[in-house]
Amino acid sequence: VGSKATLEENGFLLGNNSFNDGFEFAFRASTIDKVFPHLFSSFNQSINYVECHDNATLYDVIDKSTELDDKERIIKLFNKVLLLSPGVVFIHMGQEFGQTKYGESNTYNLGDRYNAFDVDRYDNNKNLVESFINYIKIRKSISLYALGDKNEVNSYIKIYANEQITEIDMKDIFHILINKDANFKPLNDIKYSKMELYKTTKESASNETITASSIGIGPNKCSIFKDI
């Protein structure tokens with residue numbers, strides 16, 4: 001997201017390209033020497049999170065560090081990238097629907113206003129919850145995420161980043177496309193016509209094939225595709 005020391009600093013997914021290498025280090029579960037020395041010898045040792053009980057919530061960081069009005073799509077972006085990251089995913093209560101601690105970071109003694117599950121906010125953001133559940137299903141349907149050996153998994157991952165689109169290829173079968181920009185990006189390269197939007201088994205039974213080139217990638221969005 002940004003720095004835990006300040007809510008105002010933008011991180012990689014909010015468009016700060018100076019964090020490209022840091023993002024790759026994190027996405028590879030801190031198992032490579034890049035920016036920092038590697039921390040782990042297995043992907044299963046890495047606990048991946050964008051929000052925990054310490055520090056600000058994801059919503060509060062986004063609220064303070066960006067002027068974008070549509071914070072819901074930014075929350076979806078962060079949660080999707082998290083759920084598609086190899087390693088052990090850690091989910092904090094309420095991050096799926098934008099729980100807030102009203103800008104406070106250390107709330108252990110501040111009572112229910114800051115720490116209780118916000119039922120009303122949950123009810124008002126069901127679309128965020130549905131997106132979160134869908135990406136959990138997608139993660140569970142891809143066997144690659146069950147692997148832990150760092151050499152094997154890292155050999156499957158290829159990351160291509162530029163100022164507009166970050167593309168993460170997983171075993172040259174699955175393709176995670178991330179648009180950090182606030183503008184729609186067309187996908188005109190011929191390779192995108194050979195990628196279809198990845199869906200769960202239930203979704204695939206009722207929907208037509210949707211290629212990456214036919215839909216492009218929306219502002220501040222993450223989508224996963226697979227080879228046709």
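We count residues from 1, following the sequence as given. Values reported hereafter were calculated over all heavy atoms of this structure, with side chains retained and with hydrogens, waters and symmetry mates removed.
Atom OH of Tyr49 has 12 or fewer heavy atoms from other residues, nucleotides or ligands within 6.0 Å. When the shell of 6.0 Å around CG of Asp123 is examined, it contains more than 12 heavy atoms from other residues, nucleotides or ligands. For Lys191, the NZ atom is densely surrounded, since the number of other residues' heavy atoms within 6.0 Å is greater than 12. Shown here is Tyr114, whose OH atom has more than 12 heavy atoms of other residues, nucleotides or ligands within 6.0 Å. With a 6.0 Å radius and a threshold of 12 heavy atoms from other residues, nucleotides or ligands, Ile190 has its CD1 atom at or below the threshold.
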Could you check Asn188 against Ser213 for side-chain hydrogen bond (donor to acceptor under 3.5 Å, both in side chains), going step by step and ending with a plain yes or no? CA-CA 6 Å; Asn188 297 322; Ser213 59; over 6 Å; no
Pair Ile224-Leu84, side chain to side chain contact (heavy atoms under 4.5 Å, CB included): steps then yes or no: CA-CA 9 Å; Ile224 181 169; Leu84 294 176; 4.1 Å; yes
Take Asn179 and Asp181 through the test side-chain hydrogen bond (donor to acceptor under 3.5 Å, both in side chains) and record every step on the way to the result. CA-CA 5 Å; Asn179 179 10; Asp181 195 71; 5.7 Å; no
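No side-chain donor-acceptor contact under 3.5 Å links Asn151 and Asp149. Side-chain contact annotation: Asp60 with Thr57, donor-acceptor N/O pair under 3.5 Å present. Under 3.5 Å, the side chains of Tyr135 and Glu130 contain no donor-acceptor pair of N or O atoms.
Side-chain contact between Asn125 and Glu72 is present, with heavy atoms from C-beta onward closer than 4.5 Å. Put simply, the side chain of Val89 does not reach to within 4.5 Å of the side chain of Tyr145, judged on heavy atoms. At least one side-chain heavy atom of Ile157 sits under 4.5 Å from a side-chain heavy atom of Met170. Proximity of Ser42 to Lys150: side-chain heavy atoms (C-beta onward) are nowhere separated by under 4.5 Å. With a 4.5 Å cut-off on side-chain heavy atoms, Val129 and Tyr122 count as touching. Residues Thr31 and Phe43 form a side-chain contact, since some pair of their non-hydrogen atoms from C-beta on lies under 4.5 Å apart.
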For residues 90-97, which side-chain donor-acceptor pairs fall under 3.5 Å, sequence neighbours excluded?
residue: His92; atom: ND1; partner: Glu51; partner atom: OE2; Å: 2.7
residue: Gln95; atom: OE1; partner: His92; partner atom: N; Å: 3.0
residue: Gln95; atom: NE2; partner: Asn79; partner atom: OD1; Å: 2.9
residue: Glu96; atom: OE1; partner: Gly94; partner atom: N; Å: 3.2

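In plain terms, the two heavy atoms of Asn220 and Leu77 that are nearest each other are O-CB, 3.6 Å. Nearest heavy-atom pair across Gln99 and Phe117 is NE2-CA, 4.0 Å. Considering every non-hydrogen atom in both Leu177 and Ile217, the closest pair reads O-CD1, 3.2 Å. A pairwise comparison of heavy atoms in Ser141 and Ile138 identifies OG-O, 2.7 Å as the closest pair. Ser85 and Asn48 get closest at one heavy-atom pair: OG-ND2, 3.2 Å. The nearest pair of heavy atoms linking Ile75 to Gly98 is CD1-CA, 3.7 Å.
Here the side chain of Ser65 pairs a donor or acceptor atom with the backbone of Val61 at under 3.5 angstrom.
Note: Phe132 CZ to Leu128 CG = 10.5 Å, rounded to the nearest 0.5 Å. Put simply, CG on Asp54 and OH on Tyr108 are 11.5 Å apart, with the number rounded to the nearest 0.5 Å.
Both Ile136 and Ile176 sit in one connected hydrophobic cluster of ILVMFWY residues. Membership requires side-chain heavy atoms under 4.5 Å apart, directly or through other members.
Tyr156 pairs by the side-chain hydrogen bond (donor to acceptor under 3.5 Å, both in side chains) definition with Glu152, not counting sequence neighbours. For Lys171, there are no side-chain hydrogen bond (donor to acceptor under 3.5 Å, both in side chains) partners at least two apart in sequence or on another chain. Not counting sequence neighbours, the partners of Phe25 by the ring-ring contact (aromatic ring centres under 6.0 Å, His included) test are Phe36.
For residues 170-191, the pairs satisfying ring pair (Phe, Tyr, Trp, His ring centres under 6.0 Å) are Phe174-Tyr198, with sequence neighbours left out. Annotation: salt bridge (charged side-chain N to carboxylate O under 4.0 Å, His left out) contacts involving residues 14-37, sequence neighbours excluded, comprise Asp21-Lys34, Glu24-Arg28, Glu24-Lys34.
Both tests pass for Lys180 against the ring of Phe12: distance under 6.0 Å to the centre and angle within 45° of the axis.
Under 4.0 Å is where a charged nitrogen must lie from a carboxylate oxygen, and between Lys71 and Asp63 at least one such pair does.
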